[in-house]
Amino acid sequence: MLISVTLHLAVSRFKAPRNLKTSEPTKTSFRVSWDSAPGDVRGYKVTFHPSGNEIDLGEFLVGPYDNTVVLEELSNYTITTKLPLVFLAGVLLAEKQCVTTAKADIVLLVDGSWSIGRLNFKTIRTFIGRMVGVFDIGPDKVQIGLAQYSGDPKTEWHLNAHATRESLQEAVTNLPYKGGNTMTGMALNYILQNNFKPNMGMRPDSRKIGVLITDGKSQDEIVVNSQRLRDSDIELYAIGVKNADENELRSIASDPDEIHMYNVNDFSFMLDIVDDLTVNLCNSVKGPGTVTHLTSVTDPTSSTLNVRWEHADGNPRNYKVFYVPQPGDTEKMELVSGGTTSTILRNLNANTVYKVTLLPMYENDVEGKRQSENGKTKPLGSVKNLQVTDPTVSSLRVRWDPADGDVRQYNIIYVPVAGGASSMTQVSGVSTNTILRNLQPDTEYRVTVVPVYADAEGKKQSENGKTKPLGGVRNLQVTDPTTSSLKVRWEHAEGNVRQYRIFYVPATGGAEDMVRAALRKKPYCLSRPVQLPTLFCTFLVLTLLFCGFLFNTLLPSFTVPRVPPRNIQVYNPTPNSLNVRWEPASGQVQQYRVNYAPLSGIRPLESVLVPGNINSAFLDQLVPDTPYSVNVMAVYADGEGPGIDGKGKTLPRAGPRNMRNLRVSDEWYTRFRVSWDPAPAPVMGYKLVYQPTGTKYCKCVGALYTLHNLLPGTTYDVQVYAQYDGGVSKPLTGQGTTLYLNVTNLETYNVGYDRFCIKWAPHRAATSYRIKLNPLDRQQEITITAGQSQYCFEGLSPDSLYSATVFVQTPNLEGPGVSVKPTPVPTKPPTPPPPPTIPPVCKGAKADVVFLIDGSWSIGDDSFSKVIQFVYSVVGAFDVIGPSGMQVSFVQYSDDAKTEFKLNTYNDKGTTLSALKLIRYRGGNTKTGVALKHVYEKVFTLDSGMRRNVPKVVVAVTDGRSQDEVNKNAAKLQHAGYSVFVVGVADVDFVELQNIASKPSERHVFVVDDFDAFSTIQDNLVTFICETATSTCPLIYVNGFTSPGFRMLEAFNLTEKMYASTKGVSMEPGSFNSYTAYRLHKNAFLNQPSSYIHPDGLPSTYTIILMFRLLPDSPTETFDIWQVSDKNHKPETGVTIDRKWDCFRISNRPSFMTVFKRIFHGSFHKLHILVSPKSVKLNLDCQEVAEKEIKPAGNTSTDGFQVLGKMSKSIGSKGESATFQLQLFDIVCSLGWTSRDRCCDLPSMVREDFQKASRDQLPVAPAVRKLHLSLGSVGPRGEMGLLGPMGPPGPQGPSGLSIPGEAVSPSQFSSCISQKSVAGCKSFRTPNRDYSGYLLSQEL
C-alpha cells in the first residue's frame, strides 16, 4: 500500500518535530515515528484521517519523551493504493502553567503492582509527566516526591531530590516498573512516616498534598491510614483506573469528591483527565485568595465568541461576563455558574471588536478582580460554488455550498434577465439546494442567493440559468356536444408535461374560463376525454393554451331553462334575527343571494351570500317587532337567475340581554371547551349551537360546556343564546377548531425503477398509521406502528403512476388521509424529523419535575431514543417552563447517576426541549437505588434550583429489576413528600415498582408492553403530573401516604438538623422515647413570614394536627399555640390556650369558636381541627368533642406573619411568647385524614373508662353562660361483632414512671371526680389509666 505522510505544525510559533516516517504496515495498522521537537515540549498530538476526508478524524496523545506510536484498528478508514493517508503531528507545549508563588510539597504514590502491566505503566509515566510539568519546581516553590508501592512501598525520590523541572521530568521518564501485590493501606502509612518529614525536604510553611494512582482494590485496610494523613493537614487526591473501587477512592480522597477523586475505565482515558486534575492541583497549591486569569477569547464566528478562563480560587458563587462593542457603550452581561470556566457570547454583530471583562462573584456579593480581553467576530459570509442546473420548461434547480456561520435561512431571488418582476423564495439555513418553479419557458433568469443571519444578511452571489422551450399537443378533437357539455380529446405533448389547461369562452362574448386536466407520466396515443362544466351559450369557442399553441373551434349548443329556488320559508324569529330556508334551484348554482328589507322602509335593502350547496341563511341584526320581505335568487357563472319572495316578522323586544367574550379552549382531536361571560340578568338557560359545514347541532347547557365527539381537524361555527321568558338573546358567535389528526411533511424519496419510499413527521397522538397505495389497476393497504415514520414500497410496476395516502390512527379514531405522488428525481434517505409542536395542556401548573431515566445496557440506543421522545412529549405538554411554572431536570442512571441538566438550568420550553435531544445514551448496569439516592441528595437541593412550597415530582422510567436495594432510598423520597411516578417497560418487577412509587399505586405506577407503547399512557401521566402541580398545597408524607399539606415544624426550623440554630428551642423526648419533641422556652418567639409558609394563603378546606404538652412553667395567661396575623401583626386566625378557663379557642375571621377541655401539664394531647367553609370540628385525643357552623371567611394575608406560642397580650413583632412542648404540627389539605388517625402516639389515651363515666361524675364549670353540652347516659351494650384480623404489633411503650404526674389510688380518684368544682382536680394517673376532667361549652 502506497502511503503519503505529511507533517503539519500544530501551533505556528513553536518548532515542529522533524523526519516523520511510517513503517511496519499491516491491513489495519502501521507505526509512525519522528525526531523530537526542540524546546519545552509538553507532549505530542497525532491526528489522522483518510486523504480527502477530514471529517473522520482520529487523534492520539503521547508524552513529551515518546517519539513513536502504532496506529491500530484502521479498518474503518477506506485506504486504497494511490489514496494517501494524511497525518498531522503537533507539539503540545505547556501553555497552561500553574503560575503561583505559593509553596507546596506534593508526594505522588504510584501503584506498581502486576495488574498494571509494563505497557500501561508507560501511560502512567506520560500521565505523571504532564501532571508535574505545569509546576515551577524549586526549593522555594513546588517540590514533588514519588513513592511506588506493590507488596512493599519504596521511595523513588524525596521532596528535595529535584530542584528543577528538567531534572524532575528526567526522573519521571526513567521511573522503573516495580511489580507485586496491591497494598494501598501500607503505602499510605509509608508516605506519612517516611516522605512527609522535615529531613526529607518537607517545609513547615508549605501546603501538603498527596496524590494516589491505583488500578485495583486494596488488599489491606485503607480507612484509618488515609484518615491519619488528612488529620495531619495533608490534602489527598485519589485517581483510580479500570478496576479501582470507587467507594475506596472516595474514602481516601479529601472532600469534596468532585475535585479530589477521579476514576476512569481504562488507562487510555487517563490523559483525558490530566488537564482538569492539574487545574485542581494548582488551586490546592495556591490556596484561597487567588484571582481569576482570563485566558482567551477564541473561536469567533460572525455572531459568537468563545470566552475561556482559569477557575478562580475561593469557591466563587458565579461569574459575570461583560461585553461591549468597540467603539460602543452598550454593555451587556452574561451570568454563569461558579463551576464553569467557559461560555459562548451569542447574537453579536459581525466583523466587530468586543471588549470582554470577567468578574468573579463570591458570597454576600463580594466581587473578585476584573480581567479583560478583546475579541473580534468574523465578517458575514456568502454561499460558495453557486450553480443553476437541471432546467425544464418551467423550473430550475439551484445548488450551493453553505456560507460560514450560523445561517438562519437563505433568500433566493430570481428575475428574468430581459426584464420583469423579481420573485423570492426562502429555505432553511441547513438547505443547500432548491427548485424554482412556475418559470416562463425559454427564458434566461438571474438567480441570487443571500444568506440570512440572526440580525443581518450576508453577501450576495448570483448566477444565470435558462429554462427549456415549450412543446405542443397533437390531434386536438372536440366531440360529443350536449346542452351543457363538450368532450375534448388530444394526443400528449412530448416532454415532462405537468398539466393541461383548457380555456373556453362563449362565442357571443363573456368572461373566459379555464379547467385543468390530469395526465399520465408517460405520453400515449389514445384519446382522453375531459368533461367541461355546463355552459349557457349558443356557440362555444374552445381555446387550448399549452406550449404556445392556440386552437379555436365553433360548436352549436343549447340553453337549458333555469328553475328558481322553491318553497321559501322564513322561520325561528327572534327580536333581532330570522332564519330562511328554501329548496335548491336547478343547474350549477355558485351562490345564493338573499335580499331582505323592512316592509316599513326604515332601513335600506340588505343582502347576504351563501355557497351554492347551502340552502339556508341566518339574518341577524334586524329591527325588533318588524315585518321583513325576503328574496332568494340563484347566482350562476354568467349571472343571476330569477328569485323567489317570502315574508317574516321579528319578535318584539322582551328584555334579553347580550353576553360577551366567547372563548374556545382545551382544544383536542375530538373536543373543545366553549365558555363565555354570563348574561347580566337571570336567564332560564343557554342554547349552544355548533355546526361544521352542512350540519347543525344544538345543546342546552350551563355557563360553559365541553363539546365531545367532534371531527378532528374541523372548524365549527359556535353560537350561544341566552334563553329568557320572552325569547332568546342575540347570539354570541365564534369558531373553534379541533386539532388536526393527520400527518404533515409527507414526501417521497429513493424513487427507483420499481420502488419508492415515503416519510412524514410523526404525530404525537398516533398509535398506528394506515398506508394506502393507489395504482391505476390495483390497490394495497398496510398498517404500521406509531414508532415508524417512513415506509418503502418494493416490486412495483416500472414507469407507472402511483400515489400513497397516510392515515393517522388512534384507538378510537382515524384522521383524514394525506396523499403524495413519487417525485421524478430520487432523493436522499430521510433524517429523523423533529417532533411536532406539542400543544400545552397544563395551564398554570407549577412544580419541580425530575425525570429519572434508566440508561443501562438492556435499553439500547434505539429504545433510549424512544424514551427521550416520550420525555420530550411529556415536557412539551407543560404550559410554562421556568421559575414561574414547571422546572425540569433530567437524570440518567446505570452504574451511577448523572444529572444531565438541573432544575434551574433552562428557563424556557424551547431550550429545554433542545437539550433533551442532546442527551447521549450511557449504558451500564441497573442501579436504581443509587439513582434514587442521587435525586434525593443532589437534585432536590436549593443550589440545583429547588423551590420551597412547590410540589416535587419524580418520573422514573426503567425496563428491568434493579441490581441494588431500592426500598430505603425510595422511602426517603416518599417521606419527604415527593410524588414519585414509575413507568415500567416490558419485563419488570411490579412489586418493586410499587415500592418505588407513591401511593396509591394505581395512580403512580404505569406499565407498557414495549418502548413503542408510551403513547398509551402519556395522556394519563401528564394529567396526573399536572393535577399534582396545580395543587395549592405541597405534598407531605403522612403514615404511608403522600398527601397535600404543610409540615409546619419544618417551616419553623424545628427539625433535628435545624433546631440547634434556632434560639430558644431545645430537643427533648416526646410521648414515647422513640418520638422527639421540641421545648419552646420563654420568649423564644418563633415567627416566619406567611409568604414563606403559605404563599397562596390557607386552602378552603384543611385539618390542623397538633400534639403538645403544657409544662409546669407554662404561663397561666392566655397564649396562642399558633397565630396568623396580617402585616400590622393583627391576628387573623390561630389556636389559643385560654388558661383562665383552661380551654382552647379556635378563631377564624370573622367567625369565632370556643371549645373548653381540661388540660393537665403532665400529659401530651392531640388536636384535630377540621376547618371547612361552613363549619369547624374539634377532635381531642381522637374523640370528637364539638362542631360549630361558621360564616364564610376570606383567606389569610400573604404579607403577614405566623408565630408559635405568642402571648395574647403581646403586641408587635417582638413580643413575649410562652413555653410548652410541641411534638407534631401538620396542616393536611383535606378533611378525611382524621378518620385514619388512631392516636397510637398517645400513651395516656382514655377510651373504655370514658364511656363508663356517668353524666353525674363529670365536673361542672361555672364558665358556661349560654349553652351547656355534656355526655348523656350510656345506652345498652350491643351484640359483640365478629373477631377482626390481628393487627401489627405496636411500638414499645414507655415505663409508667416516665409519665409526669402524681400517683394516686382509685379511691382518691373517685373522691376527686365527685367534687362539684374542677378547680381542685390536678393531673394524676393510676398504674394503667390517665384521667382528666371534661367540659364542653360553645359561645354562640
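What you see below is based on every heavy atom in this structure, not just the backbone, and it leaves out hydrogens, waters and symmetry mates.
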Item checked: Criterion side-chain hydrogen bond (donor to acceptor under 3.5 Å, both in side chains) on Asn318 and Ser337, from CA distance to verdict -> CA-CA 4 Å; Asn318 48 50; Ser337 67; over 6 Å; no
Margin query: Run the side chain to side chain contact (heavy atoms under 4.5 Å, CB included) test on Val954 and Phe940 for me, step by step, so that the C-alpha distance in whole Å, both residues' side-chain angles and the decisive distance to 0.1 Å come before the verdict.
Written below: CA-CA 10 Å; Val954 179; Phe940 282 121; 3.6 Å; yes
Notebook entry, point to check: Taking the six-membered ring for Trp, are Phe1119 and Phe1220 ring centroids under 6.0 Å apart?
Noted result: yes
Note to self: Could you check whether any side-chain N or O of Ser998 sits under 3.5 Å from a backbone N or O of Val980, counting only pairs where one atom can act as donor and the other as acceptor?
What the structure shows: yes
Next item on the list: Say whether, by atom type as modelled, one donor and one acceptor occur between the side chain of Glu1132 and the main chain of Ser1197 under 3.5 angstrom.
Entry: yes
Note to self: Suppose we screen for side chain to side chain donor-acceptor pair (under 3.5 Å). Which residues come up paired with Ser665, at least two apart in sequence or across chains?
What the structure shows: none
Notebook entry, point to check: Quick one: are Gln974 and Lys999 in side-chain contact, heavy atoms under 4.5 Å?
Noted result: yes
Checklist line | Leu1204 CG to Gln1088 CD distance, which is reported to the nearest 0.5 Å | finding: 9.0 Å
Next item on the list: Work out which heavy atom in His975 is nearest to a heavy atom in Arg1047; give both atom names and the distance.
Entry: O-NH2, 4.4 Å
Margin query: Could you check whether atom NZ of Lys972 has more than 12 heavy atoms from other residues, nucleotides or ligands sitting under 6.0 Å from it?
Written below: yes
Notebook entry, point to check: Quick one: CD1 on Ile881 to CG on Asp879, what's the gap to the nearest 0.5 Å?
Noted result: 9.0 Å
Next item on the list: Please state whether the rings of Phe901 and Tyr906 are parallel, tilted or perpendicular, taking 30° and 60° as the class boundaries.
Entry: perpendicular
Next item on the list: Answer whether the closest heavy-atom distance between the side chains of Met946 and Thr941 falls below 4.5 Å.
Entry: no
Check: Under the 3.5 angstrom rule, does the side chain of Asn364 hit a backbone N or O of Val366 as a donor-acceptor pair?
Finding: no
Notebook entry, point to check: Knowing that exactly one of Leu1021, Thr1023, Thr1028 qualifies, which makes a side-chain contact (heavy atoms from CB on, under 4.5 Å) with Ile1025?
Noted result: Leu1021
Note to self: According to side chain to side chain donor-acceptor pair (under 3.5 Å), who are the partners of Asn904, at least two apart in sequence or on a separate chain?
What the structure shows: none
Check: When rounded to the nearest 0.5 angstrom, what distance separates CG in Leu1170 from CD1 in Ile1105?
Finding: 8.5 Å
Note to self: Could you walk me through whether Leu1180 and Leu1167 satisfy the side chain to side chain contact (heavy atoms under 4.5 Å, CB included) test, starting with their C-alpha distance in whole Å, then the side-chain angles of each, then the deciding distance to 0.1 Å, before giving a yes or no?
What the structure shows: CA-CA 5 Å; Leu1180 184 59; Leu1167 287 180; 3.2 Å; yes
Item checked: 4.5 Å side-chain heavy-atom contact, Ser1091 and Asp1199 -> no
Item checked: Residue Lys1166 excluded, over 12 heavy atoms near NZ under 6.0 Å -> yes
Check: Does Glu1068 reach the main-chain N or O of Arg1079 with its side chain, forming a donor-acceptor pair under 3.5 Å?
Finding: no
Item checked: Distance-minimising heavy-atom pair for Asp1113 and Thr1219 -> O-CG2, 3.1 Å
Notebook entry, point to check: With sequence neighbours excluded, what pairs up with Phe1024 under the ring pair (Phe, Tyr, Trp, His ring centres under 6.0 Å) test?
Noted result: none
Margin query: A side-chain contact here means heavy atoms from C-beta on lying under 4.5 Å apart; do Val674 and Tyr705 qualify?
Written below: no
Next item on the list: Quick one: closest heavy-atom pair of Lys909 and Gly876, and the distance?
Entry: NZ-O, 3.0 Å
Check: Do the non-hydrogen side-chain atoms of Thr1133 and Leu1098 ever get within less than 4.5 Å of each other?
Finding: yes
Note to self: For Phe1225 and Trp1122, take the angle between the two ring planes, folded into 0 to 90°, and tell me which bin it lands in: parallel under 30, tilted 30 to 60, perpendicular over 60.
What the structure shows: perpendicular
Next item on the list: Calculate, to the nearest 0.5 Å, the distance between atoms NZ and CZ belonging to Lys952 and Arg947 respectively.
Entry: 8.0 Å
Notebook entry, point to check: Any donor-acceptor pair under 3.5 Å linking the side chain of Gln887 with the backbone of Gly945?
Noted result: yes
Notebook entry, point to check: Ignoring hydrogens and geometry, is there a side-chain-to-backbone donor-acceptor pair from Asn1087 to Phe1085 under 3.5 Å?
Noted result: yes
Next item on the list: State, to 0.1 Å, how close Leu662 and Gly734 come at their nearest heavy-atom pair, and which atoms those are.
Entry: CD2-N, 3.3 Å
Next item on the list: Could you tell me which non-hydrogen atom of Pro951 sits nearest to which non-hydrogen atom of Lys846, and how far apart they are?
Entry: CD-O, 3.5 Å
Item checked: side chain to side chain contact (heavy atoms under 4.5 Å, CB included) between Leu1106 and Leu1222, intermediate numbers included -> CA-CA 8 Å; Leu1106 275 167; Leu1222 189 59; 3.9 Å; yes
Notebook entry, point to check: By salt bridge (charged side-chain N to carboxylate O under 4.0 Å, His left out), which residues pair with Glu937, not counting sequence neighbours?
Noted result: none
Check: For the side chain of Asn1128 and the backbone of Lys1130, is there at least one donor-acceptor N/O pair under 3.5 Å apart?
Finding: no
Checklist line | Test item: Glu367 and Met361 side chains (from C-beta on) under 4.5 Å apart, heavy atoms | finding: yes
Checklist line | His1081: ring pair (Phe, Tyr, Trp, His ring centres under 6.0 Å) partners, not counting sequence neighbours | finding: none
Checklist line | Donor-acceptor contact below 3.5 Å, side chain Gln1123 vs main chain Lys1206 | finding: no
Item checked: Gap between atom CD of Gln1221 and atom OG of Ser1066 - 0.5 Å precision -> 8.0 Å
Check: If you look at every heavy atom in Pro1069 and Ala1077, which pair is closest and at what distance?
Finding: O-CB, 3.9 Å
Show me, pair by pair, the donor-acceptor contacts under 3.5 angstrom made by side chains of residues 1052-1061, not counting sequence neighbours?
| residue | atom | partner | partner atom | Å |
| --- | --- | --- | --- | --- |
| Thr1055 | OG1 | Met1058 | N | 3.2 |
| Ser1061 | OG | Met1058 | O | 2.8 |

Next item on the list: Mark yes or no for whether Thr899, through its side chain, and Lys902, through its backbone, hold a donor-acceptor pair below 3.5 Å.
Entry: no
Note to self: Let's go through Ser1217 and Leu1086 carefully: what are the C-alpha distance in whole Å and the side-chain angles of both, what is the deciding distance for side chain to side chain contact (heavy atoms under 4.5 Å, CB included) to 0.1 Å, and is it a yes or a no?
What the structure shows: CA-CA 8 Å; Ser1217 65; Leu1086 301 187; over 6 Å; no
Notebook entry, point to check: Does Thr1103 use its side chain to pair, donor to acceptor, with the backbone of His1168 at less than 3.5 Å?
Noted result: no
Item checked: Validation row: Lys1188, Val1176 side chains within 4.5 angstrom (heavy atoms) -> no
Note to self: Quick check for you: to the nearest 0.5 Å, what is the distance between Ser1114 atom OG and Ile1137 atom CD1?
What the structure shows: 9.0 Å
Notebook entry, point to check: Considering only heavy atoms from C-beta outward, does the side chain of Arg663 approach that of Asp677 to under 4.5 Å?
Noted result: yes
